[in-house]
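Structure, as structure tokens:
Note that the coordinates shown come from a computational prediction; the quantities given were computed from them, not determined experimentally.
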Amino acid sequence: MTDQATLDAAEIAFRQWSAPSNGALKPGSEAHKVAFCRMLLETHNPYKPAVIEWPKLDEAALQRLTGLPIWNIAVQTEGKAKVRAQTYADMMTDPLLRQAVTLDGFEEGRHKEVLSKLVASYGIALDPEPEYKRPRHPEWAW
């Protein structure tokens with residue numbers, strides 16, 4: 001389990017992060033790439049979805065939550081995003097960019113895990129998940 005001090009530090013880093021250089025960043029420049037990668041890597045929060053304590057809901061709130069027709073789409077969207085990001089990361093040769101996009105793929109998978117734990121906690125049945133196929137054009141898919 002991730003300790004609270006680590007989670008608190010991650011929250012502060014997320015809220016106070018700024019690019020390593022002042023001024024405008026030219027899109028596509030080396031400085032832009034470094035800022036993008038550092039933002040992803042330095043603001044990562046290491047929370048564990050498996051230990052989230054979902055609140056007990058009253059009957060009306062539970063009915064509203066379980067009645068939403070979005071849960072299959074939400075879980076599957078995150079599953080697709082994970083595969084798309086990881087496929088793109090796998091083709092990268094730049095080590096910093098690859099590290100950042102790999103972390104993005106991990107994060108998309110963690111979103112899927114959070115949603116899966118939420119629906120299980122509240123007894124929401126999901127359809128069987130499809131196979132998440134690697135995209136033919138990873139850069140465009142990402």
Interatomic distance, Asn72 atom CG to Leu115 atom CG [nearest 0.5 angstrom]
11.0 Å
Looking at OG1 of Thr87 and NZ of Lys133, how far apart are the two atoms once the value is rounded to the nearest 0.5 Å?
13.0 Å
Taking the side chain as C-beta and beyond, is there a heavy-atom pair between Glu139 and Tyr88 under 4.5 Å?
yes
For Leu40 versus Ala100, what's the shortest heavy-atom pair and its separation?
CD1-O, 3.8 Å
Side-chain contact, heavy-atom cut-off 4.5 Å: Val114 with Tyr47?
yes
Are Leu103 and Val34 linked, directly or through intermediate hydrophobic residues, by side-chain heavy-atom contacts shorter than 4.5 Å (ILVMFWY only)?
yes
Are Val101 and Leu96 joined in one hydrophobic group, where the rule is that I, L, V, M, F, W and Y side chains link up if heavy atoms are under 4.5 Å apart?
no
Exam field: side chain Arg84 to backbone Arg134, donor-acceptor pair closer than 3.5 Å:
no
Using side-chain contact (heavy atoms from CB on, under 4.5 Å) as the criterion, list what pairs up with Lys33, not counting sequence neighbours.
Glu30, Cys37, Asp94, Leu97
Going only through I, L, V, M, F, W and Y residues with side-chain contacts under 4.5 Å, is there a path from Tyr132 to Ile73?
no
With the 4.5 Å side-chain cut-off for hydrophobic clustering, are Leu57 and Trp71 part of the same group?
yes
In this structure, would Leu62 and Leu118 fall into the same cluster of hydrophobic residues linked by side-chain contacts under 4.5 Å?
yes
Of all pairs that satisfy salt bridge (Lys or Arg N to Asp or Glu O under 4.0 Å), the ones with a partner from residues 109-122, not counting sequence neighbours
Glu107-Arg110, Lys112-Glu129
Determine, step by step, whether Leu41 and Gln99 satisfy the side chain to side chain contact (heavy atoms under 4.5 Å, CB included) criterion, reporting the C-alpha distance in whole Å, the side-chain angles of both residues, the deciding distance to 0.1 Å, and the verdict.
CA-CA 8 Å; Leu41 297 168; Gln99 182 184 11; 3.7 Å; yes
So, do Val119 and Thr66 sit near enough that their side-chain heavy atoms are less than 4.5 Å apart?
no
For a quick test of reading the model, state the closest non-hydrogen atom pair linking Thr102 to Gln86 and the distance between them.
CG2-OE1, 3.8 Å
Got a second to check how far Gln63's CD is from Tyr122's OH, nearest 0.5 Å?
13.5 Å
Of all the heavy-atom pairs spanning Pro128 and Gln76, show the shortest one and how long it is.
O-NE2, 4.3 Å
Less than 4.5 Å apart, side chain to side chain, heavy atoms only: is that true for His44 and Phe106?
yes
Minimum side-chain heavy-atom gap Leu25-Phe36 below 4.5 Å:
no
Which value, rounded to the nearest 0.5 Å, describes the distance between Glu78 atom CD and His111 atom NE2?
6.0 Å
